[in-house]
Amino acid sequence: MNKDNISNTAMPQPPISVLQPSGADNTGKTLYTIIIFSENLAGVLNQVTNVFTRRQLNIESLNVSPSGLEHVHRYTITCYSDEPTIRTVTKQIEKKIDVIQAQYFTSDDIYVMEQALYKIATSKLLENKEISKAIRFHDSKIVEVNATYSIVCLEGLPESIMTLYHKLKSFDCLLQFVSSGVIAVTKSRREQLSEFLELREAEYREQCRQ
């Protein structure tokens with residue numbers, strides 16, 4: 001497995017912009033999701049993140065995983081920006097030699113999901129019934145309990161993840177928090193990567209016949 005396969009973890013005090021359900025931060029910029037497909041080679045992640053660094057764009061979340069196509073990996077990156085900038089960034093990423101395809105999307109174009117783990121103090125959980133009520137209310141579940149700590153797991157939208165985070169934080173029971181970063185699939189009926197790869201394969205076979 002490529003050592004570039006890492007998911008970003010949420011900080012103990014997440015930025016306010018993450019909590020904006022409308023897809024825009026307090027500066028009016030839009031939250032874009034860039035989905036990148038590349039060959040599974042060392043150094044690709046560094047090439048991609050350098051594009052954001054040069055433009056001084058902050059990555060909100062980053063998830064890297066297999067794509068379902070052999071030897072092809074998928075990068076899902078979220079970032080607040082304006083459309084001209086994010087369009088330029090996407091084009092620069094796609095020019096990288098090991099990148100197969102890069103596209104950007106708004107929240108209307110994709111379905112997103114995130115997973116989080118919350119480590120909470122068991123003593124506080126037993127003392128305060130409101131904590132267990134909050135856990136049930138957010139459709140999360142306790143996956144481990146011992147005398148020292150309990151672990152809560154939640155899968156859902158980023159907004160739900162952060163709402164439970166702040167709720168548990170208010171109870172002063174939260175010991176650790178980590179989130180997977182956003183994963184996303186497009187809502188389009190077309191599978192553009194498959195179409196692109198099929199076209200490239202057809203062009204290659206045509207060149208071989210000449």
Side-chain angles (χ1 to χ4, degrees), residues 1 5-26 29-37 58-68 73-81 103-189 191:
M1 182 64 71
N5 281 4
I6 57 174
S7 298
N8 80 310
T9 58
M11 300 298 291
Q13 294 292 338
I16 297 298
S17 60
V18 175
L19 307 180
Q20 299 293 330
S22 63
D25 65 4
N26 53 15
K29 292 185 177 180
T30 301
L31 181 65
Y32 288 96
T33 300
I34 300 179
I35 298 177
I36 304 159
F37 294 94
N58 184 52
I59 292 175
E60 296 292 326
S61 71
L62 167 65
N63 186 287
V64 186
S65 66
S67 68
H73 268 59
R74 181 190 187 108
Y75 299 70
T76 305
I77 300 173
T78 61
C79 175
Y80 282 100
S81 183
Q103 294 176 295
Y104 68 90
F105 304 91
T106 63
S107 58
D108 293 333
D109 304 319
I110 55 175
Y111 179 81
V112 302
M113 182 72 71
E114 194 167 348
Q115 185 178 60
L117 295 176
Y118 310 79
K119 183 179 178 181
I120 61 177
T122 299
S123 59
K124 298 287 183 69
L125 176 64
L126 297 176
E127 290 171 5
N128 190 346
K129 293 182 179 180
E130 294 301 315
I131 297 175
S132 58
K133 286 182 181 179
I135 292 170
R136 292 195 301 271
F137 179 80
H138 288 86
D139 293 325
S140 52
K141 56 185 178 181
I142 299 175
V143 294
E144 183 174 338
V145 180
N146 60 45
T148 306
Y149 63 84
S150 301
I151 298 176
V152 178
C153 178
L154 175 60
E155 294 179 343
L157 297 175
E159 293 86 356
S160 300
I161 297 289
M162 298 312 304
T163 298
L164 181 57
Y165 167 88
H166 285 288
K167 193 67 175 178
L168 296 176
K169 193 77 173 176
S170 70
F171 291 131
D172 194 30
C173 66
L174 194 60
L175 302 175
Q176 291 184 41
F177 168 69
V178 61
S179 66
S180 64
V182 169
I183 56 174
V185 292
T186 60
K187 294 180 180 178
S188 172
R189 294 175 183 270
E191 299 301 331

Would you call Pro66 and Arg74 a side-chain contact if the rule is heavy atoms closer than 4.5 Å?
-> no
CD1 (Ile35) and OG (Ser67) are apart, to the nearest 0.5 Å, by 11.5 Å
Can you list the residues that meet the side-chain hydrogen bond (donor to acceptor under 3.5 Å, both in side chains) rule with Ser170, with sequence neighbours excluded?
-> none
Do Val145 and Ser150 come close enough that some side-chain heavy atom pair is under 4.5 Å?
-> yes
Report yes if the side chains of Val112 and Pro158 come closer than 4.5 Å at any heavy-atom pair, otherwise no.
-> yes
Of all the heavy-atom pairs spanning Glu114 and Ser180, show the shortest one and how long it is.
-> CG-OG, 3.7 Å
Which atoms form the tightest heavy-atom contact between Leu168 and Ile135, and what is the distance?
-> CD2-CG1, 4.5 Å
Whether Thr78 side chain and Ser61 backbone form a donor-acceptor pair below 3.5 Å | yes
Does atom CG of Asn128 have more than 12 heavy-atom neighbours, drawn from other residues, nucleotides or ligands, at distances under 6.0 Å?
-> yes
Output, in order, the C-alpha distance, side-chain angles, deciding distance and verdict of side chain to side chain contact (heavy atoms under 4.5 Å, CB included) for Ser140 and Leu164.
-> CA-CA 9 Å; Ser140 52; Leu164 181 57; 3.7 Å; yes
Check the pair Thr186 / Asp109 against side chain to side chain contact (heavy atoms under 4.5 Å, CB included), numbers first and verdict last.
-> CA-CA 6 Å; Thr186 60; Asp109 304 319; over 6 Å; no
Are Lys124 and Glu127 within salt-bridge range, i.e. N to O under 4.0 Å?
-> no
In terms of ring plane angle, is the pair Tyr118 and Phe177 parallel, tilted or perpendicular, where the classes change at 30° and 60°?
-> tilted
Separation of Leu117 CG from Ile161 CD1 (nearest 0.5 Å) = 9.0 Å
Going from CG on Asn63 to OG1 on Thr33, what distance comes out if it is rounded to the nearest 0.5 angstrom?
-> 11.5 Å
Residues Gln115, Cys153; criterion side chain to side chain contact (heavy atoms under 4.5 Å, CB included); working and verdict = CA-CA 7 Å; Gln115 185 178 60; Cys153 178; 3.8 Å; yes
Minimum heavy-atom distance His138-Thr163, with the two atoms named | NE2-CG2, 3.5 Å
Give the minimum heavy-atom separation between Thr122 and Ala147, together with the two atoms involved.
-> CB-O, 3.8 Å
Hey, mind stepping through Ile142 and Leu125 against side chain to side chain contact (heavy atoms under 4.5 Å, CB included) and telling me if it holds?
-> CA-CA 11 Å; Ile142 299 175; Leu125 176 64; 4.0 Å; yes
Heavy-atom closest contact (Ala134 atom, Lys167 atom, distance) = CB-CG, 3.9 Å
Could you tell me the separation between the NZ atom of Lys187 and the CG atom of Asp108, rounded to the nearest 0.5 Å?
-> 6.5 Å
To the nearest 0.5 angstrom, please state how far the OH atom of Tyr111 sits from the CG atom of Leu157.
-> 6.0 Å
Can you tell me how far the CD1 atom of Ile110 sits from the CZ atom of Phe105, to the nearest 0.5 Å?
-> 7.5 Å
How close do Asn146 and Glu144 get, heavy atom to heavy atom, and via which atoms?
-> ND2-OE2, 3.9 Å
Sequence neighbours excluded, the answer for salt bridge (Lys or Arg N to Asp or Glu O under 4.0 Å) partners of Lys119 is none
